[in-house]
Every structure is written in C-alpha cells, then in structure tokens.
Peer 1: 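Dumping the structure here so I can ask a few things about it.
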Amino acid sequence: MASQLHKTLLCATLLLLLLLPRALLVKASLGSQGRALLHWKDTLRSPQSLRSWNLNSSPCNWTGVTCNYPVTGKGRSVITEISLPNMGLAGPLDALDFSALGSLLRLNLYYNQLGGTIPPAISALSRLVSLDLTSNQFTSKIPVGMGSMKDIQFLSLSQNQMVGAIPPPLSNLTKLMSLYLDDNNLMGVIPKELREAPRVDVSGSWGRLSRLTDLALYNNQLSGALPVEINNITGLTYLELGNKSFFGYVPPNICKGGALKYLTLYMNFQGPIPLTLKNCTTLKRVRLERNQLTGDVSQYLGEYPYLSYMDLSFNLLSGTLSPDLSKLHNLARLRISNNITGVIPTEFGQLTKLQDLDLSSNYLQGEIPQSFGSLTLLYNLSLGNNQLVGQVPPEFGMLSNLELLDLSSNNLAGRIPDQLGNCMKLRSLKLNNNSFSGTIPLAIGNLAVHQDTFDVSHNSLTGDSIPTQRIGDAAKPESIA
Ligand SMILES: *[C@@H]1O[C@H](CO)[C@@H](O)[C@H](O)[C@H]1NC(C)=O
Ligand SMILES: *[C@@H]1O[C@H](CO)[C@@H](O)[C@H](O)[C@H]1NC(C)=O
Ligand SMILES: *[C@@H]1O[C@H](CO)[C@@H](O)[C@H](O)[C@H]1NC(C)=O
Ligand SMILES: *[C@@H]1O[C@H](CO)[C@@H](O)[C@H](O)[C@H]1NC(C)=O
Ligand SMILES: *[C@@H]1O[C@H](CO)[C@@H](O)[C@H](O)[C@H]1NC(C)=O
Ligand SMILES: *[C@@H]1O[C@H](CO)[C@@H](O)[C@H](O)[C@H]1NC(C)=O
Ligand SMILES: *[C@@H]1O[C@H](CO)[C@@H](O)[C@H](O)[C@H]1NC(C)=O
Ligand SMILES: *[C@@H]1O[C@H](CO)[C@@H](O)[C@H](O)[C@H]1NC(C)=O
C-alpha cells in the first residue's frame, strides 16, 4: 500500500518534472556560464583584451561581465550583463553557447570586428533587454527567432552588412523602444506584420511597436513607401530614414507626440514639409536635404529653442528667410541651398552660435548685412551663387574663426575690404564672378600664403600681379588669368 502510494507519487513527480518548463530545471550555473565564455574566447582572433577571463577568478570579476548578487545570500550568482564595446574583438559569435546564458539581460558588443552570422541560437537569450551589435562585420540575415526575445527594449544591428528582409516576427517585440537597423544591406519591404495591428490593438500597425522612441533604418535597400502607421507612434524622438530606404511623403503627424528631437529623411522623399513640424519645438537636429520637398520656408518653420542643426538643402523649397529664424538661438549649422528669394534678414546677426551657414545657390538679393560681424564663431560661410549686391561689409574682419568664405557668383562690387586680412584662419576664399574693383589688399595677399583655395577671377580688379586662382599648393605663384 505504502509502496503503491510511493510509486504514484514518484510517477506524479516525474510527470511534473517533464511538464515543467525546461529552463527552470537546467538553469546554468555560474561555472558553466564561465566555461561557455572561455570557449568563445578561444575562437576569437584577438582575445588580449580578455586577459582577465581565466579560471583563476570568478566570471563575475572578468572584464565586461556583470553578475547579480542575490540579496538574501540564498540564491546563486548568474551573469546578467556582458559589455565589451570597442575591445578589439575579432572573430565569430557561433561558438558562444547562448543556451548557457539565459540569465543575460544585456549583451553589448558594439564597435568590434565580430563577423559571420548572428547565430539563430541567440534567441535563447530570452530575458534580454538590450542587444547592441552596432558596427561589427556581421553578414547574415536577422534571425527569425529574435521575434521571441520579447523583453527586448533596445536592439541595434546598425553598421554591419546584414542581408535579407526584416523578419515579420520582430513585430512581437512590443516592448521595443529603440530599433537601429541602419547602414546594412537589408532588402524588401517592411513586413505587413510589422505594420498591421493585431485586431485587438488600439492604434494599430507600427502602432504595435507603439513604445518605439528611436527608429533608424537609414542606408539599406528597403523599398516601398514609408509606412503611414509611423504617424501613430507618438513617442518618437529619433527617426532616421532614407538613402534608398523608403520613399514617398513625409508623414504629416511625424511630431504628433511632441517628442521628436532628431529627424533625418534623406533622399527619395517628396511633397510638402509637414505642417506639424512648425510646432515641433523639441527639435534639435533636422536633416531633410536632397529630397523633393516643397513649401514656403517662411511658413513651415517655427520656433525651435533647442535646434542646433538644420539642413534643408537641395529640395524645391521656396519663400523668403523669415527674420524669425533669428530666434533659433542654438543654431550652429544652417544649410538652405534651394530656391529661396528675398533678402538676408539683418536679424541673422543674432544667431551668434552659428558656425556653418550655407545660403548658396538661391535667389537672394540685397546686401550682405553688416550684422554678420557678430557671428564670431562662424568658420564656414557660403553665400555663393545668389544675386547679392553692394560691398563686402568691413565687419567681416571681426570673424576671427572664419576659415572658408565663398561669396562667388553674385553681383558684389567695390573694393575687397582690407579688414578681410584680419581673418587669420582664412584658408579658402572665393570671390570670383563678381564685380569687385580696385586692387587686392596687401593684407589678403599675405594671407593667401596659407590658403587652400584663393579665387578672385572674373572681377574688375586692377593691379600688376593679381593672384587670380590658386588651388592647392598656395605657396607656388600662379600666372595671371
Ligand atoms: C574579485 O576580485 C577581488 C580582488 O580583486 C576579490 O577580493 C574577490 O573575492 C573576487 N570576487 C570573486 C567573486 O571572485
Ligand atoms: C508572435 O508571437 C505569437 C505567440 O506569442 C505567435 O503565435 C505569432 O506567430 C508571432 N507572430 C509572428 C509574426 O511571428
Ligand atoms: C492612428 O490612430 C488613430 C486613432 O488614434 C486611428 O484612427 C488611425 O486609424 C490610426 N492610423 C494608422 C495609420 O494606424
Ligand atoms: C548612401 O548609401 C550609399 C551606399 O548605398 C553610401 O555609399 C553613401 O555613403 C550613403 N550616403 C550617405 C549620405 O550616407
Ligand atoms: C501650432 O500651435 C498653435 C498654438 O498652439 C495652434 O494654434 C496651431 O494650430 C498649431 N499648428 C499646427 C500646424 O499644428
Ligand atoms: C523657383 O521658384 C519659382 C517660383 O515658385 C519657380 O517659378 C521656379 O521654377 C523655381 N525654380 C527652381 C529652380 O526650382
Ligand atoms: C563648408 O560649406 C560648404 C557648403 O555647405 C560645404 O560644401 C563644405 O563641405 C563645408 N566645409 C567644411 C570644412 O565644413
Ligand atoms: C565665372 O564667369 C566665367 C565667365 O563669364 C564663366 O565662364 C564661369 O563659368 C563662371 N564661373 C562660375 C563659378 O560661375
């Protein structure tokens, strides 16, 4: 009787053991986790930076390895994090026994020379929160099984040579906040599954990845129009698309959540600049160059207290430069090479953080404001190929950081001001194709010794030896053109 009961209990226990999730039973010990790492280390071509990885110490003391330390003292230590960025690691990832590392929460191996395939077995890291393999040499597809790493919040495979399509199961990664797949060779369209909501989901689609804050798919070969569903991801702070990945219209609600800081849409985009950008006061960096965007810049741009970088060049933008642009107090770089008309507002002199200003190849008229003398951080100024008239303001002599000055192909006249000779860092000066007259100030001639480019050709300059065009070897005298 007792034996019968015993047998029954034994059977029940066995059955229970069989039914229990395997992971609970074969939780790897710290020792076996360490052995898995040493085995991988043996396959690396340059493991010098992993000297501390040896059997004489606990894996918890190894470079880049972090363990949890049980508070009660009862549980066991396990490895929770491996972080080896920029350690010169070269070799494959295949030999790493991921099944021993199920306790990992973070795996950061960015900026190394690891290559080959990202093994499908990586999906055994089922508790992983962050995986960063940025800037290695992986050449495989994205493992389909990664769709089961359901706690993952940060995933970056950017700057590798990954091929194939984005696997549909990635849409199951609903905790994902940052997805960086840029600078790879990924192909195909964004999978329907990534775009369409499960029926129960409220806002649908990429809306399924509604926690996304960072999305980078730049520099791939992804085709098709930008998923309109991106509109419904309201927490986006970082969006980087383009250069052969997607085309079409800029999503009109791109800043709906009021969080967008970094926006890059490069090449292949068309249509109007979305109106919502006007109220998108969070913007810090905007790169919309080389698209076919249309619209009047004076109406589409608003007040951006944090904006430091804006490049709208090579679009089909029109309109005038609003004096209100002077309220962009943090602007360090502004490039609008387009179809802009009107004058350069004198208020631009208030943009005292400007380092790089490119207003070239527009239809700008009027004079260069004297207020430019206040832009003392300016090192690169391009106003070439416009219809500017008048003289070069003597105040340019105050631009002590100016290295590159291009005023070519305008209707500027008068003498070239002596004060330009005060711009001691000037190394590229293009004043060609204007109506400058008189002689070249001696001070500038002296500066020319240090210059990379010196071009005053196609003017009405007089004098015996006019340095006309000198590119490259500046010390060598040039013949008169
Ligand atoms: C880690 O190393 C320190 C000394 O460097 C030692 O005191 C400590 O016991 C080591 N811990 C483990 C878990 O090996
Ligand atoms: C998402 O996960 C569920 C199970 O949780 C699975 O049935 C489904 O196939 C997965 N979706 C995709 C697109 O892989
Ligand atoms: C976006 O969300 C709104 C509701 O907030 C919904 O009506 C609309 O269909 C969604 N659009 C897309 C493209 O998912
Ligand atoms: C665009 O992608 C090509 C490769 O397809 C690359 O060579 C080029 O540098 C990229 N352009 C930019 C601006 O990133
Ligand atoms: C921008 O904000 C103002 C004031 O809050 C509002 O009146 C206007 O409609 C908004 N414009 C857009 C395009 O959202
Ligand atoms: C510039 O804009 C004007 C007025 O909108 C238009 O007539 C002209 O064709 C545009 N030129 C270019 C080069 O886009
Ligand atoms: C200066 O500005 C011009 C025009 O935008 C650009 O082509 C060039 O690369 C810039 N040079 C440097 C050194 O920033
Ligand atoms: C400058 O003017 C000359 C003569 O008119 C012309 O051949 C040349 O293309 C012009 N250069 C530029 C950069 O506009």
Side-chain angles (χ1 to χ4, degrees), residues 134-135 158-163 180-188 216-223 239-247 262-269 285-291 308-315 317 331-338 340 344 354-364 372 375 377-388 399 401-413 423 425-436 450-461 466 468-472 480-481:
T134 304
S135 196
S158 74
Q159 298 169 53
N160 281 285
Q161 291 128 45
M162 306 290 296
V163 297
Y180 296 95
L181 301 177
D182 53 291
D183 293 283
N184 279 291
N185 298 317
L186 300 171
M187 314 230 323
L217 300 169
Y218 185 78
N219 279 1
N220 281 290
Q221 273 103 50
L222 298 163
S223 49
L239 180 63
E240 195 178 57
L241 306 169
N243 199 18
K244 304 199 205 86
S245 283
F246 307 116
F247 59 84
Y262 302 95
L263 173 64
T264 299
L265 300 173
Y266 181 84
M267 292 200 349
N268 310 359
F269 292 94
R285 192 180 71 204
V286 177
R287 289 189 53 193
L288 297 174
E289 75 267 25
R290 296 184 195 275
N291 290 295
S308 72
Y309 182 161
M310 182 159 68
D311 194 342
L312 303 175
S313 289
F314 309 113
N315 280 291
L317 301 174
L331 206 57
R333 175 184 280 186
L334 176 64
R335 292 183 170 175
I336 307 185
S337 201
N338 266 283
I340 309 295
I344 304 176
L354 264 188
Q355 298 172 28
D356 188 330
L357 177 63
D358 181 2
L359 302 176
S360 65
S361 300
N362 286 301
Y363 299 98
L364 294 171
F372 267 45
L375 305 179
L377 296 182
L378 206 57
Y379 83 91
N380 189 0
L381 176 61
S382 298
L383 302 177
N385 198 16
N386 279 291
Q387 293 159 10
L388 299 170
L399 304 180
N401 285 299
L402 196 63
E403 293 184 37
L404 310 146
L405 176 60
D406 183 354
L407 303 177
S408 65
S409 302
N410 279 290
N411 301 319
L412 297 167
C423 303
K425 294 186 181 171
L426 204 58
R427 58 184 168 88
S428 172
L429 180 60
K430 295 183 189 169
L431 300 176
N432 55 292
N433 295 66
N434 279 290
S435 304
F436 289 115
H450 311 289
Q451 282 164 0
D452 298 337
T453 306
F454 184 76
D455 192 347
V456 293
S457 64
H458 304 291
N459 278 294
S460 306
L461 295 164
I466 304 163
T468 48
Q469 183 172 21
R470 201 187 286 164
I471 296 172
I480 300 161

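Note that the coordinates shown come from a computational prediction; the quantities given were computed from them, not determined experimentally. As the structure lists them, so they are numbered: ligands from 1, and atoms in each ligand from 1. The residues of the chain are indexed from 1 along the displayed sequence.
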Peer 1: With heavy atoms of H458 as the reference, note each atom of ligand 8 found under 4.0 Å away.
Peer 2: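 Answer for ligand 8: 1 (C), 2 (O), 3 (C), 4 (C).
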Peer 1: Over all heavy atoms of both residues, which pair between R333 and L354 is shortest? Give the atoms and the distance, please.
Peer 2: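 Residues R333 and L354, closest heavy atoms: N-CD2, 4.1 Å.
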Peer 1: Please identify which atoms of ligand 8 are closer than 4.0 Å to at least one heavy atom of S409.
Peer 2: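 Counting from 1, the qualifying ligand atoms are 12 (C), 13 (C), 14 (O).
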Peer 1: Show me which atoms of ligand 8 lie under 4.0 Å from any heavy atom of N433.
Peer 2: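 In order of numbering, the contacting atoms are 1 (C), 2 (O), 3 (C), 8 (C), 10 (C), 11 (N), 12 (C), 14 (O).
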Peer 1: Does S313 have any side chain to side chain donor-acceptor pair (under 3.5 Å) partners at least two apart in sequence or in another chain, and if so, which?
Peer 2: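 Counting only residues at least two positions away or on another chain, S313 forms a side chain to side chain donor-acceptor pair (under 3.5 Å) with D311.
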Peer 1: Would you kindly say whether S382 and D406 are connected by a side-chain donor-acceptor distance under 3.5 Å?
Peer 2: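 No donor-acceptor contact under 3.5 Å links the two side chains.
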Peer 1: Checking L378 against L357 for the side chain to side chain contact (heavy atoms under 4.5 Å, CB included) test, could you report, in this order, the C-alpha distance in whole Å, the side-chain angles of both residues, the deciding distance, and whether it holds?
Peer 2: CA-CA 8 Å; L378 206 57; L357 177 63; 4.2 Å; yes
Peer 1: Based purely on interatomic distance, does Y266 place a nitrogen or oxygen under 3.5 Å from a nitrogen or oxygen of ligand 4?
Peer 2: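 No, there is no polar N/O contact under 3.5 Å.
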Peer 1: For N243, which residues count as a side-chain contact (heavy atoms from CB on, under 4.5 Å) partner, sequence neighbours excluded?
Peer 2: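 Once residues adjacent in sequence are excluded, the partners of N243 under the side-chain contact (heavy atoms from CB on, under 4.5 Å) criterion are Y218, N219, Y266, M267.
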Peer 1: Would you please name every residue forming a salt bridge (Lys or Arg N to Asp or Glu O under 4.0 Å) with R290, sequence neighbours left out?
Peer 2: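 Scan of R290 (salt bridge (Lys or Arg N to Asp or Glu O under 4.0 Å), adjacent residues dropped) gives none.
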Peer 1: I'd like to know if the side chain of N185 and the backbone of V163 have a donor-acceptor N/O pair within less than 3.5 Å.
Peer 2: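 Such a contact is absent between N185 side chain and V163 backbone.
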Peer 1: Looking only at distances, please establish whether an N/O atom of ligand 4 is found under 3.5 Å from an N/O atom of N243.
Peer 2: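 Yes; at least one N/O pair falls below 3.5 Å.
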Peer 1: Run the salt bridge (charged side-chain N to carboxylate O under 4.0 Å, His left out) test on K425 and E403 for me, step by step, so that the C-alpha distance in whole Å, both residues' side-chain angles and the decisive distance to 0.1 Å come before the verdict.
Peer 2: CA-CA 5 Å; K425 294 186 181 171; E403 293 184 37; 5.5 Å; no
Peer 1: Number the atoms of ligand 4 from 1 as they appear, then name those within less than 4.0 Å of a heavy atom of Y218, with their elements.
Peer 2: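 So the atoms of ligand 4 that pass are 12 (C), 13 (C), 14 (O).
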Peer 1: Side chains of R285 and Y262: donor-acceptor distance under 3.5 Å anywhere?
Peer 2: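 No.
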Peer 1: Pairs of nitrogen or oxygen atoms closer than 3.5 Å, one from N432 and one from ligand 8: do any exist?
Peer 2: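 No, since none of the N or O atoms of N432 sits under 3.5 Å from an N or O of ligand 8.
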Peer 1: Out of curiosity, is S408 lining ligand 8, as in a heavy atom under 4.0 Å away?
Peer 2: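 For ligand 8, residue contact (heavy atoms, under 4.0 Å) with S408 is absent.
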Peer 1: Between D452 and R427, is there a side-chain N and carboxylate O pair less than 4.0 Å apart?
Peer 2: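 Here D452 pairs with R427 in a salt bridge, since their nearest N and O are under 4.0 Å apart.
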Peer 1: What does the list of residues with a heavy atom under 4.0 Å from ligand 7 look like, ordered by chain and number?
Peer 2: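 These residues qualify: R335, D358, Y379, N380, S382, L404.
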